[in-house]
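When a ligand or atom number is given, it counts from 1 through the structure's own listing order.
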Amino acid sequence: MFSKSLAWSLLALVSVTGTVASTHADLFDFEKQQLDPVSVAGSTIRFEKGSAPANTTLPTCKAFPGHLDWPRDNTWHELGTFLNGTLLRPVPVSSVCYNGTAYSNYDAAACANITTSWGTTFVRMDHPIEPVAPMFEGLTCVPPGSGPTYNNNTCTQGGYPVYVVNASTAAHIQAAVNFARNENVRLVIKNTGHDLMGKSLGAGSLSVWTHGLNNIEIIANYSIDGYSGPAFHVGAAVQANDLLKAAADNKLMAVTGICDSVGIPGGYTQGGGHSPLGALYGMGADQVLSLQVVTADGEFRTASPTENTDLFWAIRGGGGSTFGVVTSMILKAYPDATTTVATFDWGVRESNISRETYWKGTASYFGHFANFTGQGLSGQFFLYPQEGRPQGADPNAQPRTSIAPLFGVGKTLAQLKQAVQPWIDEMAGLGIQMNTTWAEFPSYYPAYYSQLAPTSLGVMPYNMTYGSRLLSRASLDSQSGLNATMAAFRALAEQGHMFNGFQLAPTLETGKPVGPDGNAVLPAWRDALSHTIVFALWPEDYSPAQQMAFRNDFATGSRGMQLLRDATPGSGSYMSEADRLEPNLQEAFFGNNYPRLLAIKRKYDPHGVFFASTGVGSEFWKVHSVDDLPTENGQLCRV
Ligand SMILES: Cc1cc2nc3c(=O)[nH]c(=O)nc-3n(C[C@H](O)[C@H](O)[C@H](O)COP(=O)(O)OP(=O)(O)OC[C@H]3O[C@@H](n4cnc5c(N)ncnc54)[C@H](O)[C@@H]3O)c2cc1C
Ligand SMILES: *[C@@H]1O[C@H](CO)[C@@H](O)[C@H](O)[C@H]1NC(C)=O
Ligand SMILES: *[C@@H]1O[C@H](CO)[C@@H](O)[C@H](O)[C@H]1NC(C)=O
Ligand SMILES: *[C@@H]1O[C@H](CO)[C@@H](O)[C@H](O)[C@H]1NC(C)=O
Ligand SMILES: *[C@@H]1O[C@H](CO)[C@@H](O)[C@H](O)[C@H]1NC(C)=O
Ligand SMILES: *[C@@H]1O[C@H](CO)[C@@H](O)[C@H](O)[C@H]1NC(C)=O
Ligand SMILES: *[C@@H]1O[C@H](CO)[C@@H](O)[C@H](O)[C@H]1NC(C)=O
Ligand SMILES: *[C@@H]1O[C@H](CO)[C@@H](O)[C@H](O)[C@H]1NC(C)=O
Ligand SMILES: *[C@@H]1O[C@H](CO)[C@@H](O)[C@H](O)[C@H]1NC(C)=O
Ligand SMILES: *[C@@H]1O[C@H](CO)[C@@H](O)[C@H](O)[C@H]1NC(C)=O
Ligand SMILES: *[C@@H]1O[C@H](CO)[C@@H](O)[C@H](O)[C@H]1NC(C)=O
Ligand SMILES: *[C@@H]1O[C@H](CO)[C@@H](O)[C@H](O)[C@H]1NC(C)=O
Ligand SMILES: *[C@@H]1O[C@H](CO)[C@@H](O)[C@H](O)[C@H]1NC(C)=O
């Protein structure tokens with residue numbers, strides 16, 4: 001309960017001015033608007049005082065709508081009043097399709113609209129709660145006919161957050177964090193909603209929506225321990241497209257992923273972040289020079305090579321929604337460069353080759369990853385078990401490999417051709433004529449967009465899962481390792497699985513993270529030459545029990561991802577593009593960083609304010625989901 005009402009809302013902000021230290025960029029204006037602890041003392045948005053709580057005094061479950069412990073309407077109303085209208089109570093967009101729901105907003109024309117745009121053009125990142133992968137919400141409100149009738153032909157709030165703070169100042173975020181902690185409400189963070197494991201969702205939650213914090217500032221020469229040079233200062237919302245554009249306008253390059261609508265400072269950078277610049281400059285997390293974050297106690301903090309160094313280490317690779325709400329980051333920038341891109345395709349049918357020859361060619365390609373990355377080349381590849389029907393086992397599958405594209409950043413056309421000619425000769429020696437394209441660009445930006453289309457992002461299929469594996473150097477750069485890896489690929493492809501993977505070698509030498517002890521990026525990345533995702537689809541009429549049987553078989557059965565684990569012993573899986581059912585996921589996603597990450601999590605978040613399924617500390621919690629599916633559709637409780 002608020003102990004004081006509107007009177008304090010006018011006094012509750014303190015304006016922070018000036019820079020923190022000479023090596024720091026100024027805070028953004030939105031970060032200077034902070035909560036004043038004195039003014040909010042005694043209210044539901046008071047700061048935490050005193051030492052960490054004893055485990056035994058912590059509630060077993062988060063509060064839940066309809067239960068006695070859920071804050072009363074007038075408590076939410078007071079929060080909304082304080083937040084000046086930025087507290088939203090959004091409804092699922094597809095609710096207009098259902099008559100007779102609690103939303104009472106049935107509208108056939110609006111439903112026709114959302115049904116048409118749902119899979120292709122509906123912009124999820126501009127919506128406070130809609131995610132790219134609604135499967136993790138629980139599919140409780142999708143347009144009729146867009147998939148299985150799993151939702152019993154109705155519409156409920158399911159795994160969607162109940163309230164959302166449309167944050168435009170640090171104070172909004174501090175208020176949300178303090179309220180969630182004091183009122184025992186589940187807190188989630190959403191920027192774009194690209195999360196592929198449901199981590200920007202949560203039933204019965206208050207969400208911090210960061211999508212408005214999109215400031216970008218270019219710092220011509222930024223200096224901090226371990227780095228001196230150009231940098232970007234980016235707000236929490238900045239997406240790859242805006243950063244790439246700002247970089248190009250200033251003759252610079254930025255590390256981003258291949259999807260230009262992914263948010264940079266959220267899940268991408270905090271989870272690791274692979275990039276077309278990965279063979280040259282390492283991971284997204286390696287780019288961070290300093291950051292600002294609201295921690296679970298409501299404090300606004302700087303984490304850098306000299307301040308809160310444990311937090312600085314953990315946030316760079318330890319995963320989003322775990323240690324705090326990042327409000328901005330300072331990232332390395334690189335001088336722009338001539339960039340050449342090439343694409344290569346070969347397939348059994350298209351190239352008129354036998355299956356044996358096809359797999360020899362594919363092995364030849366993967367066998368060159370060490371050489372290619374050693375020359376600074378990154379790339380993306382696809383393996384299609386059968387053209388036109390990429391998933392579903394088919395004994396007559398016609399496998400095809402597509403490299404789309406290979407990036408030669410800093411290379412002219414002649415230099416890229418020279419770099420890959422030995423491999424092309426090897427393919428020709430096998431009798432494989434590839435379809436090949438080449439294009440040189442004066443800078444990185446047009447090269448990137450010549451290959452990677454701007455994305456508004458559709459919706460992930462409801463009947464699809466994916467697992468991933470980092471392919472270690474030993475698994476590709478030795479004949480026996482390569483044989484074992486290709487045997488695993490072939491066994492998976494022949495069951496109808498499609499692959500999408502990346503070639504990069506983000507070693508500590510290429511990444512050069514600042515700070516006394518590097519960062520929390522999964523150590524297996526440092527020895528990897530590829531991150532490879534394998535997709536699996538089940539028939540859409542499967543019951544929840546059949547889905548779980550299928551998914552468990554793919555995740556842990558001997559004919560699923562275990563084939564790749566066996567071929568890459570000691571490696572890991574990329575936490576941001578992975579399976580929620582990954583076995584021993586603390587080891588797979590965090591490696592031997594896990595104990596330290598968990599200790600830092602406990603230090604900064606003793607109440608468990610932040611939670612992300614599969615994240616650090618998630619093993620102490622369980623979402624009691626409908627039908628026990630791996631979704632966010634249920635109450636969050638300690639185990
Ligand atoms: C089409 C597509 C292509 C992709 N390509 C790549 C790629 O090339 N390289 C790559 O590495 N990854 C890639 N990804 C994966 C991507 O990095 C993750 O989905 C990532 O989590 C998205 O981050 P986001 O902040 O945009 O999404 P969101 O769903 O908004 O957030 C993701 C996670 O980060 C948390 N979070 C968001 N903002 C903050 C914040 N300010 N502070 C703390 N936590 C926060 C959220 O709570 C959530 O847990 C791709 C994903 C998709 C859907
Ligand atoms: C809470 O329990 C964990 C183990 O489950 C323990 O490591 C930690 O120290 C405990 N914290 C407190 C404050 O008792
Ligand atoms: C709400 O608006 C008032 C009047 O503009 C302003 O003084 C106050 O700081 C705002 N509160 C927050 C939390 O932004
Ligand atoms: C909604 O359902 C009610 C009760 O079944 C019905 O009377 C009403 O006509 C329906 N409205 C629309 C717009 O279909
Ligand atoms: C349908 O969508 C278009 C474009 O988003 C919008 O202009 C229009 O108002 C919508 N119509 C309805 C009935 O919602
Ligand atoms: C749909 O209804 C069935 C039968 O009542 C129930 O078992 C199932 O849990 C419901 N599904 C959802 C998603 O609510
Ligand atoms: C969120 O806030 C921004 C201003 O910060 C505003 O432009 C936008 O319309 C708001 N969005 C919603 C859905 O209220
Ligand atoms: C950047 O600043 C550092 C430290 O102040 C200085 O040594 C360096 O020469 C500067 N570089 C440029 C290009 O100005
Ligand atoms: C190569 O290009 C030709 C002509 O465009 C096309 O028919 C064939 O399918 C392509 N092959 C592959 C493997 O892409
Ligand atoms: C495919 O290759 C076989 C032998 O290698 C040859 O006989 C046949 O003509 C080729 N077909 C095409 C369409 O090139
Ligand atoms: C790549 O292979 C070529 C030819 O085999 C060799 O000359 C070159 O040194 C290799 N480069 C690296 C970085 O492995
Ligand atoms: C790898 O497999 C090839 C046949 O595909 C075989 O000739 C070769 O001996 C194998 N090498 C090793 C080290 O297992
Ligand atoms: C997955 O669902 C889609 C439609 O949503 C369907 O076209 C496809 O055939 C399904 N996959 C399998 C393997 O059944």
Side-chain angles (χ1 to χ4, degrees), residues 6 9-15 33-36 40 45 79 81-87 124-125 131-133 136 165 167-175 187-202 207-211 213 235-240 255-276 278 283-285 291-294 315 319-329 349-354 357 380 431 433 452 455 457-460 500 502 504 531 533 574-578 610-615:
L6 293 181
S9 75
L10 301 175
L11 305 169
L13 301 183
V14 48
S15 206
Q33 298 273 301
Q34 297 179 11
L35 270 194
D36 172 16
V40 301
I45 57 169
L79 178 66
T81 303
F82 174 69
L83 291 171
N84 284 343
T86 61
L87 184 68
R124 292 178 165 75
M125 48 240 181
V132 66
F136 299 107
V165 176
S168 57
T169 67
H172 293 156
I173 298 173
Q174 291 175 296
L187 186 74
V188 307
I189 309 164
K190 183 193 182 206
N191 180 23
T192 66
H194 275 70
D195 200 273
L196 290 166
M197 342 236 329
K199 292 185 284 186
S200 33
L201 290 160
S207 172
V208 176
W209 187 34
T210 59
H211 191 53
L213 309 175
V238 169
Q239 291 167 264
V255 170
T256 76
I258 49 96
C259 172
D260 81 338
S261 54
V262 162
I264 298 304
Y268 174 79
T269 297
Q270 295 179 50
H274 64 82
S275 167
M283 301 292 286
L291 61 86
Q292 309 294 340
V293 58
V294 174
I315 290 176
S321 198
T322 303
F323 303 100
V325 185
V326 168
T327 58
S328 74
M329 285 180 166
R349 189 171 56 228
E350 294 82 355
S351 310
N352 192 22
I353 50 176
S354 71
T357 302
Q380 173 175 228
Q433 293 301 320
L452 306 167
T455 43
L457 208 63
V459 69
M460 299 300 276
N500 174 206
F502 303 88
L504 70 166
H531 155 55
I533 311 170
Y574 177 35
M575 73 171 83
S576 296
E577 296 175 312
F610 295 104
F611 169 83
S613 285
T614 74

Q: Give a yes or no on whether atom 11 (N) of ligand 10 lies under 4.0 Å from any heavy atom of the protein.
A: yes
Q) Any protein heavy atom lying closer than 4.0 Å to atom 4 (C) of ligand 10? A) no
By number and element, which atoms of ligand 1 are closer than 4.0 Å to a non-hydrogen atom of [X]?
X      : value
Gly320 : 44 (N)
Gly263 : 26 (O)
Ser200 : 28 (P), 29 (O)
Gly257 : 7 (C), 8 (O), 9 (N)
Gly324 : 42 (N), 43 (C)
Lys199 : 47 (O), 48 (C), 49 (O)
Val325 : 42 (N)
Tyr268 : 9 (N), 10 (C), 11 (O), 12 (N), 17 (O), 20 (C), 23 (O)

**Q.** Region of Gln33 that comes within reach of ligand 3 [heavy atoms, distance under 4.0 Å]
**A.** neither
Classify the contact between [X] and ligand 1 as side chain, backbone, both or neither, using a heavy-atom distance cut-off of under 4.0 Å.
X      : answer
Gln239 : neither
Glu577 : side chain
Phe502 : neither
Ala612 : neither

Q | Nearest-option assignment for atom 3 (C) of ligand 1, heavy atoms, candidates Cys259, Ser328, Gly271, Pro276 | A |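 The residue whose heavy atom sits nearest atom 3 (C) of ligand 1 is Cys259.
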Q) Which is closest to atom 20 (C) of ligand 1 by heavy-atom distance: Ala285, Gly267, Gly458? A)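 Closest candidate by heavy-atom distance is Gly267.
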If you have a sec, work out which protein heavy atom is nearest [atom] and how many Å separate them, to one decimal?
atom                    : value
atom 8 (C) of ligand 10 : Asn352 ND2, 3.6 Å
atom 24 (P) of ligand 1 : Thr192 OG1, 3.4 Å
atom 19 (O) of ligand 1 : His194 O, 3.1 Å
atom 44 (N) of ligand 1 : Ser321 N, 3.0 Å
atom 41 (N) of ligand 1 : Val326 O, 2.9 Å
atom 30 (O) of ligand 1 : Asn191 N, 2.7 Å
atom 28 (P) of ligand 1 : Gly193 N, 3.5 Å
atom 38 (N) of ligand 1 : Gly266 CA, 3.5 Å
atom 32 (C) of ligand 1 : Asp195 OD2, 3.3 Å

For a quick test of reading the model, state the closest non-hydrogen atom pair linking [X] to [Y] and the distance between them.
X      : Y      : value
Gly267 : Ser576 : O-OG, 3.9 Å
Ser200 : Gly193 : OG-CA, 3.8 Å
Gly235 : Pro265 : O-CG, 3.2 Å
Ile315 : Phe323 : CG1-CB, 3.9 Å
Val132 : Asp195 : CG1-O, 3.9 Å
His194 : Met125 : CE1-SD, 3.8 Å

Q. So His531 and His274, would you call those rings parallel, tilted or perpendicular, with 30° and 60° as cut-offs?
A.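 Rings of His531 and His274: tilted, as their planes differ by 30° to 60°.
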Mark the output for [X] as yes if a heavy-atom distance to ligand 1 is under 4.0 Å, and as no if none is.
X      : result
Val188 : no
Phe610 : no
Gly273 : yes

Q: Show your reasoning for whether side chain to side chain contact (heavy atoms under 4.5 Å, CB included) applies to Thr192 and Val262.
A: CA-CA 7 Å; Thr192 66; Val262 162; 5.7 Å; no
Can you check whether [X] reaches [Y] side chain to side chain, under 4.5 Å on heavy atoms?
X      : Y      : result
Gln174 : Val40  : no
Leu79  : Ile45  : yes
His211 : Gln239 : yes
Ile264 : Met329 : no
Met460 : Leu196 : yes

Q.
Under the side chain to side chain contact (heavy atoms under 4.5 Å, CB included) test against Ile173, which residue among Val165, Leu213, Ile189, Leu35 passes?
A.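 Going through Val165, Leu213, Ile189, Leu35 one by one, the side chain to side chain contact (heavy atoms under 4.5 Å, CB included) with Ile173 is satisfied by Leu213 alone.
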Q: Before signing off on this row, confirm whether Ser576 and ligand 1 have an N or O atom pair separated by under 3.5 Å.
A: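 In this structure, Ser576 places no N or O atom under 3.5 Å from an N or O of ligand 1.
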Q. Just distances here: any N/O of Val132 and N/O of ligand 1 closer than 3.5 Å?
A.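 No.
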Q: Could you tell me which atoms of ligand 3, counted from 1 in the order shown, lie closer than 4.0 angstrom to a heavy atom of Phe82?
A: 11 (N), 12 (C), 13 (C)
Q.
Before you tell me yes or no, could you show the steps for Asn191 and Tyr268 under side chain to side chain contact (heavy atoms under 4.5 Å, CB included), namely the whole-Å CA-CA distance, both residues' side-chain angles and the distance that decides it to 0.1 Å?
A. CA-CA 11 Å; Asn191 180 23; Tyr268 174 79; over 6 Å; no
Q: Give the C-alpha distance, both sets of side-chain angles, the deciding distance and a yes or no for side chain to side chain contact (heavy atoms under 4.5 Å, CB included) between Asn500 and Glu577.
A: CA-CA 11 Å; Asn500 174 206; Glu577 296 175 312; over 6 Å; no
Q. Between OG1 of Thr614 and NZ of Lys199, what distance do you get to the nearest 0.5 Å?
A.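 So the OG1 of Thr614 and the NZ of Lys199 are separated by 4.0 Å.
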Q: May I have the step-by-step check of side chain to side chain contact (heavy atoms under 4.5 Å, CB included) for Phe502 and Ile258, ending in yes or no?
A: CA-CA 10 Å; Phe502 303 88; Ile258 49 96; 3.7 Å; yes
